[in-house]
Amino acid sequence: MGTFTVAVEIGNPSGTRFEPVNALVDTGASVTTLPSSLLEGLGVAPHTEFTFVLADGREIQRPVGRTWMRIGDRSEITFVVFADNDVEPLLGAYSQQGLMLGVDSPNEGLVPVNALMK
C-alpha cells in the first residue's frame with residue numbers, strides 16, 4: 001500500500017473546538033500520533049503511557065490521551081499519542097476503525113465500512 005494524507009480535525013475533550021491537520025494514513029500504526037503542542041493547545045491531557053515498537057525494533061514510551069477526532073461527517077473519541085512537536089501527524093488503525101473507515105488504496109482515501117459482528 002502506498003502512503004497518502006487525509007484531512008482530519010482534532011477536537012478538544014468536550015468536542016466544541018477543532019483544529020484541522022493533514023495526517024499520514026498508516027494502517028500499521030496502532031494509535032494516532034500528533035504533535036504535543038497541538039494536543040496541549042486543545043486542552044488534551046495524557047492519562048497513561050503506552051509502549052510502542054518502532055520500525056527499527058526499538059521500544060519507546062509515550063504519553064497517551066483521549067479526545068475527539070472528526071473526518072468528514074464522522075466523529076468519535078479516540079486515543080492520541082503525544083509526540084515531539086516536529087512529528088508529522090499520523091492517523092493510526094485504532095482511530096480509523098473507531099470511525100468505521102477503511103483504506104481505499106487505489107483512490108488514496110478513506111471510505112465508510114460496515115461493522116463486523118460474528
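Remember, it's a predicted structure, so these values are computed and weren't measured experimentally.
Counting only distance, with no hydrogens or angles, the side chain of D56 and the backbone of R58 share a donor-acceptor pair below 3.5 Å.
Under the 4.5 Å side-chain heavy-atom criterion for grouping Ile, Leu, Val, Met, Phe, Trp and Tyr, V25 is connected to L101 within one hydrophobic cluster. Note: the hydrophobic cluster containing L54 does not contain L90 (ILVMFWY, side chain heavy atoms under 4.5 Å, direct or indirect links). Grouping the Ile, Leu, Val, Met, Phe, Trp and Tyr side chains by contacts below 4.5 angstrom, directly or via other members, places L39 apart from W68. Residue M100 is not grouped with residue I71 when hydrophobic side chains (ILVMFWY) are merged at heavy-atom distances under 4.5 angstrom, including chains of intermediate members. Under the 4.5 Å side-chain heavy-atom criterion for grouping Ile, Leu, Val, Met, Phe, Trp and Tyr, F50 is connected to I60 within one hydrophobic cluster.
Partners of T67 according to the side chain to side chain donor-acceptor pair (under 3.5 Å) rule, which considers only residues two or more places apart in sequence or in another chain, do not exist here.
Atom CE in M69 sits 9.0 Å away from atom CD in Q96 (nearest 0.5 Å). S95 OG to D26 CG: the interatomic distance, rounded to the nearest 0.5 Å, is 11.5 Å. From F4, atom CZ reaches atom CG of D104 across 7.5 Å, with rounding to the nearest 0.5 Å. Taken to the nearest 0.5 Å, the OG1 atom of T48 stands 14.5 Å off from the CZ atom of R62. Rounding to the nearest 0.5 angstrom, the gap separating the OG atom in S36 from the CG atom in N85 is 5.5 Å. L91 CG to T78 OG1: the interatomic distance, rounded to the nearest 0.5 Å, is 8.0 Å.
In this structure, R70 forms a cation-pi arrangement with F18, its terminal cationic atom sitting closer than 6.0 Å to the ring centre and no more than 45° off the ring axis.
Just one residue in the list I10, L42, V87 forms a side chain to side chain contact (heavy atoms under 4.5 Å, CB included) with L34, and that residue is I10.
Scanning all heavy atoms of the two residues, the minimum distance from E76 to G98 falls at CG-O, 4.0 Å. Contact detail for E19 and L38: the closest heavy-atom pair is CB-CD1, 3.8 Å.
Residues V81 and T32 fail the side-chain proximity criterion, which asks for heavy atoms closer than 4.5 Å.
Between F79 and H47, the ring planes lie parallel to each other; the angle is under 30°, not in the 30° to 60° tilted range.
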